[in-house]
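Atoms within each ligand, like the ligands themselves, are counted from 1 in listed order.
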Amino acid sequence: MSLHFDSAAGTFTIHTANTTYQMKVDEYGYLLHLYYGARTEGCMDYLVTYADRSGMCASPHDVADRTYSLDVLPQEYAFQGAGDMRNPLLVVRDAEGTFGCDLRYVRHEIRDGKYGLPGFPAVYSESADDDAQSLSVVLADKRTGLEVELLYGVLPKLDIVTRAAIIRNTGSKKFVLKRAQTACLDMVHGDFDVITFDGRHAMERRPSRRAVTHGSFSVGSRRGMSSNQYNPVMILTDRDTTETAGRAWSMSFVYSGGFLAEVEKDQYEQVRMQMGLSDEQFSYPLEPGEQFVVPEVIMTYSGAGLEKISHNLHRCIRKHVCRGPWRDRPRPILLNSWEAAYFDFTGDSLCRLADKAAELGLDMLVMDDGWFGNRCDDLRALGDWTVNEEKLGGSLKQLVDYVNAEGLKFGIWVEPEMVSEDSDLYRAHPDWALAIPGKDPALGRDQLVLDMSRADVRENIFEQLCAVLDQANIEYLKWDYNRSIVDVYSRFATDQGKVLYDYIAGLYELLERLVERYPNLLIEGCSAGGGRFDVGMLYYTPQIWTSDNTDAHDRMTIQYGTSFGYPCSAVGAHVSACPNEINGREVPLSARGLVAMAGGGFGYELDLVELPERAWEIITHQIETYREIEHLVREGLYYRLSSPKKDPVCAWEFAAEDGSEAIVCAVVIEVEGYGVADYVVPRGLTPGAMYREVNSDKVYPADALMDMGVPLPISSAPYMSRMYRFERIG
Ligand code: GLA
């Protein structure tokens, strides 16, 4: 059993294969965090120190012991109001307008299986073989009737511990949540770095590592989306932790809206890491009897460097977050019309693209933006999800039937949460857009955001989407979202502080309805590229368009950073034209293909018809190769063999879990001087075994490969690329 309560000691212990998490209800009813680290037995309450530190530390009134202060003690669910002056997870304002609560242990329950969260995405377990368990610990504030049910889930084989909370008003008066975060991790000592994943539109999720010093460091999003700028994944490490050695703890937020991830070093050199909902424009009233779901955080610990953190998260997200038949199937290799034609296409030109795509062996044509209403540019028509038959020169069904007859699937782009001022929908329902009465709303890409907190708005969009999807055999939907929310006002909200949270709850409800109605539809998430690349979206969309930046050079950095928190199966990656539309860079087609093949959502996004014959040959070969290796990209272990920002060669590897095969990929980024050989050193092979290089007669001992590696051909120009495929032979 992974979860254990020791009633004599008051400790809850969660064991996974390699880790242990422990907390304790102390004699005063406070829930103290004791330990999260390498697997161990025993009670770790000796780690907590008590001393009469100063009058500045507050002791609870019923504790006649000046050595006891919540300002020092490691907390399991830090709350404002009883003396802990560090960053809180919970801040509550009562009916009289007063802040402050005092949460103490009431009861707990241990159950088999993994808990779910009503209306919100969460890690799931489908099989008893997972040995998943859940713990619920209820804390309560006597004065207000506020109850916090802390939820813990464990997937022991994957070293995954999840946390979430449900806040209930069991009292007789309303109170207001001013801050409701999910999890903190209090470390009583240590010298740490914190890694976050920062960027911007077209340059998302670059890892950035800094020392944890006194004070508070935070990243987050106040954009109503998880954002291109900061990603809701945070990793705490020892100062000397590397890719393959040292301790690391991570938190990933299973939520697609605004978030806050913080790390704070306190007066006693203790460190608190925490994650949860952003508290900006947040103010959530709970009437008696109401409850509030605090979305889930996935936690994992590694004693073997960052690679292990990623492996744990990849396994968890691939099989316990992503759902539906496409979770376990090869995804269609697609041709997307966006960078091939932008708005400038007709039904006929799409058919010519489909002809070529079929000839080269692709699986699907995706009609991106521009097919609906009078959408001839990005100034209009969002919200009018009616097929522009004039532009297509016929019905959607005719086009899709043609594409299907070519042996290709058909996919379509939508941006359902948005509305253009120049649209029939907006003209009919101006109050459906988020806008503050009396204030001109801020525009983003000339569009407004629909109020997804409203059921009538969601209903209209759902019906419009169904009307499109029911017209023809559409097997893939790219769900886009291209701006931040600025103006937060919903006509029927009882408190405008609810809107951003209710928006995301509404989005999840809409997506869930769609997933239920079209269980075989493959949905790809997108938000100006990777603006909503988060675990919450992956519950509905098993792949996400990673970035609008399709330049292979930049993509190596973006995909490298993305891989820390997300499996490659989720990564949408396409080969596009050169010079690249974003940065003008020229990279050979071979390297562009290799980089895009590191994504589970592989495809092309350029005018295939216009390419020279030699390019068609290369593409045909890339597609054949991808089909052979795709299972490793989707299910294999991913290894970051070097860093695209620090090393002259960017190298990565996918290896089967059992070590039976591996692919090692490398792109030379920097060529200096003359003649220096670069070596690529794989990992994850079976020690003692021999490996054969596929399509070659070369045989290598695994130990030598993992020690000295293989030399790359000496290159005189950047972007020379190679893929080595190794098969274990004995
Ligand atoms: C966003 C997406 C692109 C493309 C365009 C269409 O920018 O990220 O991939 O779909 O919208 O307008």
Exercise answer, ligand 1 polar atom pairs (N/O) under 3.5 angstrom:
{"unit_1": "ligand 1", "atom_1": "7 (O)", "unit_2": "D548", "atom_2": "OD2", "d": "2.9"}
{"unit_1": "ligand 1", "atom_1": "8 (O)", "unit_2": "G529", "atom_2": "N", "d": "3.0"}
{"unit_1": "ligand 1", "atom_1": "8 (O)", "unit_2": "D548", "atom_2": "OD1", "d": "2.5"}
{"unit_1": "ligand 1", "atom_1": "8 (O)", "unit_2": "D548", "atom_2": "OD2", "d": "3.2"}
{"unit_1": "ligand 1", "atom_1": "9 (O)", "unit_2": "K478", "atom_2": "NZ", "d": "2.8"}
{"unit_1": "ligand 1", "atom_1": "9 (O)", "unit_2": "W545", "atom_2": "NE1", "d": "3.4"}
{"unit_1": "ligand 1", "atom_1": "9 (O)", "unit_2": "D548", "atom_2": "OD1", "d": "3.4"}
{"unit_1": "ligand 1", "atom_1": "10 (O)", "unit_2": "D368", "atom_2": "OD1", "d": "2.7"}
{"unit_1": "ligand 1", "atom_1": "10 (O)", "unit_2": "D368", "atom_2": "OD2", "d": "3.3"}
{"unit_1": "ligand 1", "atom_1": "10 (O)", "unit_2": "W413", "atom_2": "NE1", "d": "3.0"}
{"unit_1": "ligand 1", "atom_1": "10 (O)", "unit_2": "K478", "atom_2": "NZ", "d": "3.0"}
{"unit_1": "ligand 1", "atom_1": "10 (O)", "unit_2": "D480", "atom_2": "OD2", "d": "3.4"}
{"unit_1": "ligand 1", "atom_1": "11 (O)", "unit_2": "D480", "atom_2": "OD2", "d": "3.0"}
{"unit_1": "ligand 1", "atom_1": "11 (O)", "unit_2": "N482", "atom_2": "ND2", "d": "3.3"}
{"unit_1": "ligand 1", "atom_1": "12 (O)", "unit_2": "D369", "atom_2": "OD2", "d": "2.6"}
{"unit_1": "ligand 1", "atom_1": "12 (O)", "unit_2": "R445", "atom_2": "NH1", "d": "2.9"}
{"unit_1": "ligand 1", "atom_1": "12 (O)", "unit_2": "R445", "atom_2": "NH2", "d": "2.9"}

**Study point:** E630/R331 salt bridge by N-O under 4.0 Å criterion
**Key:**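 Here R331 does not pair with E630 in a salt bridge, since their nearest N and O are not under 4.0 Å apart.
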Review point. Does the E406 side chain pair with the main chain of Y402, one donor and one acceptor, at a distance under 3.5 Å?
Key: no
Practice item. State whether the side chain of Q464 and the backbone N or O of P416 hold a donor-acceptor pair below 3.5 Å, judged by distance alone. Key: no
Revision key, fill the gap. Residues pairing under salt bridge (charged side-chain N to carboxylate O under 4.0 Å, His left out) where one sits in residues 479-490, two or more places apart or in two chains, turn out to be K439-D487
Point to revise | Pairs where residues 529-545 contributes a residue and the test salt bridge (charged side-chain N to carboxylate O under 4.0 Å, His left out) is met, not counting sequence neighbours | key: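 Checked against salt bridge (charged side-chain N to carboxylate O under 4.0 Å, His left out) - neighbours excluded - the pairs reaching residues 529-545 are E417-R532.
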Review point. For R555, what residues pass the salt bridge (charged side-chain N to carboxylate O under 4.0 Å, His left out) criterion, not counting sequence neighbours?
Key: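 With neighbours one apart ignored, the set is empty.
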